[in-house]
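Input: a single structure, listed below in structure tokens.
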Amino acid sequence: MDFALIPSTSGQRLVMSYDVKEPMKSTKKTGSTPNTWAKQQSHHHDALVDLPDELVLIVASSLDKESQILLSLSCKRFHVLLNTYLDLALPDKATKVRLLLCLEIDHPEYLTCRACGLLYEWRMMQSRHYECPHANEHQSADTQLSYRRLIRAGDNDYTLVSRAVVDLILRAYEHGDPHGLPLTSLNTSGKDRHGIIRTNQARLIDGQLILANRLEVEGGEEMATMARFFDMELCIHFRANPGHDDRFRAVEKAVKGLKGSRKKRTIRKELFKCLFCETDHELYVESSAEKRIKIVLDVWRNYGRLHSNSPSHEQIFHQYPVLRVAAKTVSKRDVRAVFESGR
Ligand SMILES: [Zn+2]
Ligand SMILES: [Zn+2]
């Protein structure tokens with residue numbers, strides 16, 4: 001067994017690797033993840049075990065709660081020692097979830113429900129989009145923090161992008177295929193009965209999961225079709241952002257500006273960047289020489305990294321977010337550019 005200490009928001013985080021002969025495999029180089037860090041430090045693996053009890057307790061006291069519990073589970077000696085001298089009771093659900101997230105690394109068949117703190121076999125839940133089996137019993141406050149987005153392609157082709165799905169994709173990226181879902185599971189496209197063409201593409205850029213959704217309408221009824229689906233394609237915080245009433249008018253204005261034009265013209269417009277999560281929206285309107293109008297709505301969503309504490313990444317799942325990102329930060333942000341950099 002290997003031990004390694006890394007800094008965390010709530011103290012020192014203990015990282016343990018149980019199988020030195022077959023360490024965790026990573027499909028891509030992601031920088032210094034906890035596991036790779038532990039492997040790099042494997043020459044220290046005897047140091048903690050060889051220390052006398054007094055020094056082990058000093059080290060353990062500097063750890064965060066979830067790491068203390070993990071250390072107590074590593075062997076009989078540490079179990080007795082830490083349970084005798086430290087308070088290992090879980091103080092709250094957040095600590096329990098952090099502990100389970102640590103355990104997941106060695107048990108890729110399990111996933112932690114961040115809403116209720118249940119560790120469940122995620123592949124068993126495939127037909128329910130990998131959702132927690134206790135999802136129906138979640139409290140409404142937890143449900144509001146785990147909003148799922150429906151990503152459509154054709155009439156019967158849709159994907160639910162939930163926190164579980166995002167966690168599974170990011171886990172597979174960091175720790176290898178058995179830990180989750182392939183990125184390609186979010187890549188879909190198709191045309192539905194309303195004539196809407198949708199293209200959904202996901203990319204991992206510097207460890208961040210970014211999903212780009214494109215909706216295209218044309219053929220004479222484009223404004224009516226766009227009016228029908230406009231709201232539901234945007235970020236869920238659309239109405240919490242200032243000036244939301246003007247968004248659709250911007251679409252109408254762009255289309256009017258092109259109507260009657262005999263030449264092929266294009267208008268590109270930034271619709272808005274959400275102030276609560278990392279979602280950017282852009283509009284693209286094009287008229288052909290035959291006076292046909294095509295409206296394209298692009299939405300880029302950044303779900304962040306597996307262990308990201310940034311409010312704008314967390315709040316992408318929050319139905320009623322409270323923290324507003326600084327306007328200066330939002331104006332500098334360009335989710336589209338980050339996505340395009342991964343071509
Ligand atoms: Zn749950
Ligand atoms: Zn948002």
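Note that this is a predicted model, so its numbers are computed, not measured. Atom set for the values below is all heavy atoms of this structure, side chains included, hydrogens, waters and symmetry mates excluded.
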Examine the side chains of [X] and [Y] and answer whether a donor and an acceptor come within less than 3.5 Å of each other.
X      : Y      : answer
His313 : Glu278 : yes
Thr184 : Asn187 : no
Thr188 : Asp157 : no
Asn213 : Arg301 : yes
Asn302 : Gln208 : yes

[X] side chain to [Y] backbone, donor-acceptor under 3.5 Å:
X      : Y      : value
Arg333 : Thr279 : yes
Gln315 : Phe276 : yes
Arg265 : Val285 : no
Ser61  : Leu57  : yes
Lys273 : Asp334 : no

Q) Who are the side chain to side chain donor-acceptor pair (under 3.5 Å) partners of His79, not counting sequence neighbours? A) Asn83
Q: With sequence neighbours left out, write down each residue that passes side chain to side chain donor-acceptor pair (under 3.5 Å) with Arg148, or none if nothing qualifies.
A: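 Scan of Arg148 (side chain to side chain donor-acceptor pair (under 3.5 Å), adjacent residues dropped) gives none.
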Q) If you look only at pairs with a residue in residues 182-219, which of them pass as a ring pair (Phe, Tyr, Trp, His ring centres under 6.0 Å), with sequence neighbours excluded? A) His194-Phe229
**Q.** Test: Arg268 cationic atom under 6.0 Å from Tyr284 six-membered ring centre, within 45° of axis
**A.** no
Q | For Lys294, salt bridge (charged side-chain N to carboxylate O under 4.0 Å, His left out) partners two or more places apart | A |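 Partners of Lys294 under the salt bridge (charged side-chain N to carboxylate O under 4.0 Å, His left out) test: Glu216.
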Q | With sequence neighbours excluded, residues passing salt bridge (charged side-chain N to carboxylate O under 4.0 Å, His left out) with Arg239 | A |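 For Arg239 the salt bridge (charged side-chain N to carboxylate O under 4.0 Å, His left out) partners, ignoring immediate neighbours, are Asp231.
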Q. Who passes ring-ring contact (aromatic ring centres under 6.0 Å, His included) against Phe230, sequence neighbours left out?
A. Phe248
